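I have placed the structure first, in the form of structure tokens, so that the comments after it can refer back to it.
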Amino acid sequence: VRDDGAADGAGDGVVDDLRRRHLAHLAEGFADQGLGVINSVMDELHKSQNPAIPLEGEEQLIWEGRPFLSLVVSYVITSERIKIITGLIGKDYENFELVRIQDIDVKQGLGERVLGLGDIHIQGADPSTPEIVLRNIPDPQGVYELLRKAWLAARKRYNLIFREEM
């Protein structure tokens, strides 16, 4: 018998192990929720600091977002192009025309899947930037589908046909 009156035995190790796992699970839950709250605050800050991106002609906004927990990078997908804006004070703009896209893939690691994030890899025929990656995108499958539909519509609009090399 221990000093506190409880029976001494092998069951104590099991209880301690359960307590440790329960505390670790609680800590992970708080961390995930905390990161979500921080990201939401950063979203509001990002929107207040960055005016709407001007669109040209009949160009339509399809999706706008930024990587999880980032203030210096944002992505805009329009009916004509993908715009990548980097910088907190000074801004750099990179445009990638949708008609130049050759392939789109979504990749998610285990941690990204848990948080609902992923990377969208885009291969294209642009000689200056043959590949771009939209990193840590929330709902990457949804954004992929939006991008895929915009890509196919842009190719159709310019009478470009899809042909696989054999």
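Predicted, not measured: the structure shown is a model, and the values here were computed from it.
- Looking at residues two or more places apart in sequence or on another chain, you find a side chain to side chain donor-acceptor pair (under 3.5 Å) between Thr129 and Glu94.
- Side-chain contact check for Tyr75 versus Ile132: every heavy-atom pair is 4.5 Å or farther apart.
- Among pairs with a residue in residues 106-121, those fulfilling salt bridge (charged side-chain N to carboxylate O under 4.0 Å, His left out) read Asp119-Arg135, at least two apart in sequence or across chains.
- When all heavy atoms of Pro138 and Arg66 are compared, the pair lying nearest together is CD-O, 4.0 Å.
- Two different hydrophobic clusters hold Leu110 and Val106 under the rule that ILVMFWY side chains link at heavy-atom gaps under 4.5 Å.
- Thr78 meets the side chain to side chain donor-acceptor pair (under 3.5 Å) test with Glu59; sequence neighbours excluded.
- No path of Ile, Leu, Val, Met, Phe, Trp and Tyr side chains, each step under 4.5 Å between heavy atoms, connects Val73 with Val133, placing them in separate hydrophobic clusters.
- Glu131 pairs by the salt bridge (charged side-chain N to carboxylate O under 4.0 Å, His left out) definition with nothing, not counting sequence neighbours.
- Side-chain atoms of Val72 and Thr86, non-hydrogen and from C-beta on, never get closer than 4.5 Å to each other.
- Of all the heavy atoms in Ile85 and Lys91, the pair that sits closest is CG2-CD, 3.8 Å.
- For the side chain to side chain donor-acceptor pair (under 3.5 Å) test, residues two or more places apart in sequence or in another chain that qualify with Arg157 are Glu80.
- With sequence neighbours excluded, the residues satisfying side chain to side chain contact (heavy atoms under 4.5 Å, CB included) with Ile104 are Ile101, Ile120, Ile122, Tyr144, Leu147, Trp151.
- A donor-acceptor pair is defined here as one N or O able to donate and one able to accept, closer than 3.5 Å; no such pair exists between the side chain of Lys156 and the backbone of Leu152.
- With sequence neighbours left out, Asn136 forms a side chain to side chain donor-acceptor pair (under 3.5 Å) with no residue at all.
- In this structure, Pro140 and Gly116 approach most closely via the heavy-atom pair CD-O, 3.6 Å.
- Each salt bridge (charged side-chain N to carboxylate O under 4.0 Å, His left out) pair with one or both residues in residues 96-105, not counting sequence neighbours, appears once here: Arg81-Glu97.
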